[in-house]
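Structure first, then comments.
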Amino acid sequence: MNNTKIPCISELSLNRPEVIRWQQRMKLLEPYSDTIIVLPCSMKKPYSQSQSHMLFKKYTKGLQELIVTSPFGICPREMESTYPIQSYDASTTGDWSEEEIKASATCLKDYVGDCKVIAHVSGGYKKVCEEALENVVYTCQDENTRSYESLENLKLEVKKANKIANNKHKIHDLRSIARYQFNTKKADKLIDEKTVVSGRFNKRVMINKKQIATLHFDTGLYTLNLPGGEILKEQKINRIFIDFDLKSNTLFAPGINEADKNIIPNDEVVIIKDDEVVGVGKSMMSGEELINSDKGIGVKIRHQIKN
């Protein structure tokens, strides 16, 4: 998966495969606090590097932050560096069409559930909240989210909320990425309560001193190590079955006996022979193609058991 910019410049962008997949998988994610702060998106990505969000974050610590954005709908703060949300180009004028408002409102309502919402928004972003939410407090009364009055209102509302210590939601954040990437809540098993993450850019994900995966700086997604493949096998996620010994770092489709049908191109997969994990890598085809193709590269193997 590359980090190419995705142009999103019209309502047609609502039907892009990346957008539809994002919105569907957001339904797997959950907030870590019972109060959610809803914020507008920014042109700069990840959002937290924009001037406005650097300002907002001074007031929002300890609460789940949720960014409203079109065409993707919503972006929980922990997902802001994940492909494709960190790679799209779209206008941030705040002028929203009715179709954009309804699409984002649906995503927002699904994610928020029964949580209380502090909405620090204006313009089209506020219209999305009004369409979707009932249990909500609006902190921006002057149409300027960066004004002294609006930020003071935000500060006062945050003080009333039950907050979570910053170090308490790190596991939640890592699991959110895993749920999104592997399209299942079973991917929580990749992130143990004792998971340790190290590294400034690409981050090593460790459990009991074993590297499970790497969380990549450029995509915000995981690549697996063999112990991570063991977890995928146990959870029946993205499995590919063969009956021969691997001899190279390429697995061709004709050699594959079976594969999970929900695999899509660029997915991280685990290769299994005789009920043993023998490799992990990136699928170049869908699950159906892996099974039915009589030519072509099926998987680019990253790590494998040495025979």
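The first residue in the sequence is number 1, and the count goes up from there. Computed over heavy atoms, backbone and side chain alike; hydrogens, waters and symmetry mates excluded.
Put simply, the side chain of Thr69 reaches to within 4.5 Å of the side chain of Tyr88, judged on heavy atoms. A 4.5 Å side-chain heavy-atom check between Val68 and Trp96 finds at least one atom pair inside the cut-off. Considering only heavy atoms from C-beta on, His53 comes within 4.5 Å of Leu39 through its side chain. Between Ile237 and Asp260 there is no side-chain heavy-atom pair separated by less than 4.5 Å.
Counted within 6.0 Å of NZ on Lys273, heavy atoms from surrounding residues, nucleotides or ligands total more than 12; the atom is thus considered enclosed. The number of heavy atoms from other shown groups lying within 6.0 Å of CG (Asn208) does not exceed 12. Atom NZ of Lys163 has more than 12 neighbouring heavy atoms from other residues, nucleotides or ligands inside a 6.0 Å radius. Remark: Lys186 NZ is packed, more than 12 non-hydrogen atoms of other residues, nucleotides or ligands lying under 6.0 Å away.
Looking at Arg239, its side chain never comes within 3.5 Å of a backbone N or O of Leu232 through a donor-acceptor pair.
The stretch residues 255-300 participates, sequence neighbours left out, in no ring-ring contact (aromatic ring centres under 6.0 Å, His included) pair at all. Annotation: ring-ring contact (aromatic ring centres under 6.0 Å, His included) contacts involving residues 157-193, sequence neighbours excluded, comprise Trp22-Tyr180, Tyr32-His169, Tyr32-His172. Sequence neighbours left out, not one pair with a member in residues 233-277 passes ring-ring contact (aromatic ring centres under 6.0 Å, His included).
In the hydrophobic clustering of this structure, Leu66 groups with Ile177; members are Ile, Leu, Val, Met, Phe, Trp, Tyr whose side-chain heavy atoms approach within less than 4.5 Å, directly or through other members.
A salt bridge links Glu193 with Arg175: the distance from a Lys NZ or Arg NE/NH1/NH2 to an Asp or Glu carboxylate oxygen falls below 4.0 Å. Between Lys233 and Glu230 no salt bridge is recorded (no basic side-chain N to carboxylate O distance below 4.0 Å).
Side-chain contact check for Glu30 and Gln64: no donor-acceptor pair (N or O, by modelled atom type) lies under 3.5 Å.
Remark: Arg77 engages Glu65, Glu80 in a salt bridge (charged side-chain N to carboxylate O under 4.0 Å, His left out) (not counting sequence neighbours). For Ala103, the side chain to side chain contact (heavy atoms under 4.5 Å, CB included) partners are Leu14, not counting sequence neighbours. Remark: Lys102 engages no residue in a salt bridge (charged side-chain N to carboxylate O under 4.0 Å, His left out) (not counting sequence neighbours). Tyr222 is linked by a ring pair (Phe, Tyr, Trp, His ring centres under 6.0 Å) to nothing, counting only residues two or more places apart in sequence or in another chain. The side chain to side chain contact (heavy atoms under 4.5 Å, CB included) search around Asp34 returns Asn162, not counting sequence neighbours. With sequence neighbours excluded, no residue forms a salt bridge (charged side-chain N to carboxylate O under 4.0 Å, His left out) with Glu149. With sequence neighbours left out, the side chain to side chain contact (heavy atoms under 4.5 Å, CB included) criterion links Ser283 to Ile263, Val269, Leu290. Listed by chain and residue number, Asp142, Arg146, Ser147 satisfy the side chain to side chain contact (heavy atoms under 4.5 Å, CB included) test with Asn144 (two or more places apart in sequence, or in another chain).
Taking every heavy atom of both residues into account, Ile207 and Leu190 meet most closely at CD1-O, 3.5 Å. Closest approach of Asn202 and His216 over heavy atoms only: OD1-CA, 3.5 Å.
Note that OH of Tyr138 is 12.0 Å distant from OG of Ser122, once rounded to the nearest 0.5 Å. Atom-to-atom distance recorded for Thr60:OG1 and Leu154:CG is 7.0 Å, nearest 0.5 angstrom. Note: Glu268 CD to Asn238 CG = 9.0 Å, rounded to the nearest 0.5 Å. If you take CE on Met26 and CZ on Phe72, they are separated by 10.0 Å, rounding to the nearest 0.5 Å. Expressed to the nearest 0.5 Å, how far CD1 of Ile67 lies from NZ of Lys45 amounts to 11.0 Å. With rounding to the nearest 0.5 Å, the separation of OG1 in Thr214 from CG in Asn225 is 5.0 Å.
The side-chain contact (heavy atoms from CB on, under 4.5 Å) test with Thr219 is passed by exactly one of Leu221, Thr223, Leu215: Leu221.
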Output side-chain donor-acceptor pairs under 3.5 Å for residues 113-120, partner residues at least two apart or in another chain, one line each.
unit_1, atom_1, unit_2, atom_2, d
His120, ND1, Thr139, OG1, 2.7
His120, NE2, Thr145, O, 2.7

side-chain contact (heavy atoms from CB on, under 4.5 Å) for Gln49 and Met54? Distances and angles first, verdict last. CA-CA 6 Å; Gln49 293 183 7; Met54 284 192 284; 5.9 Å; no
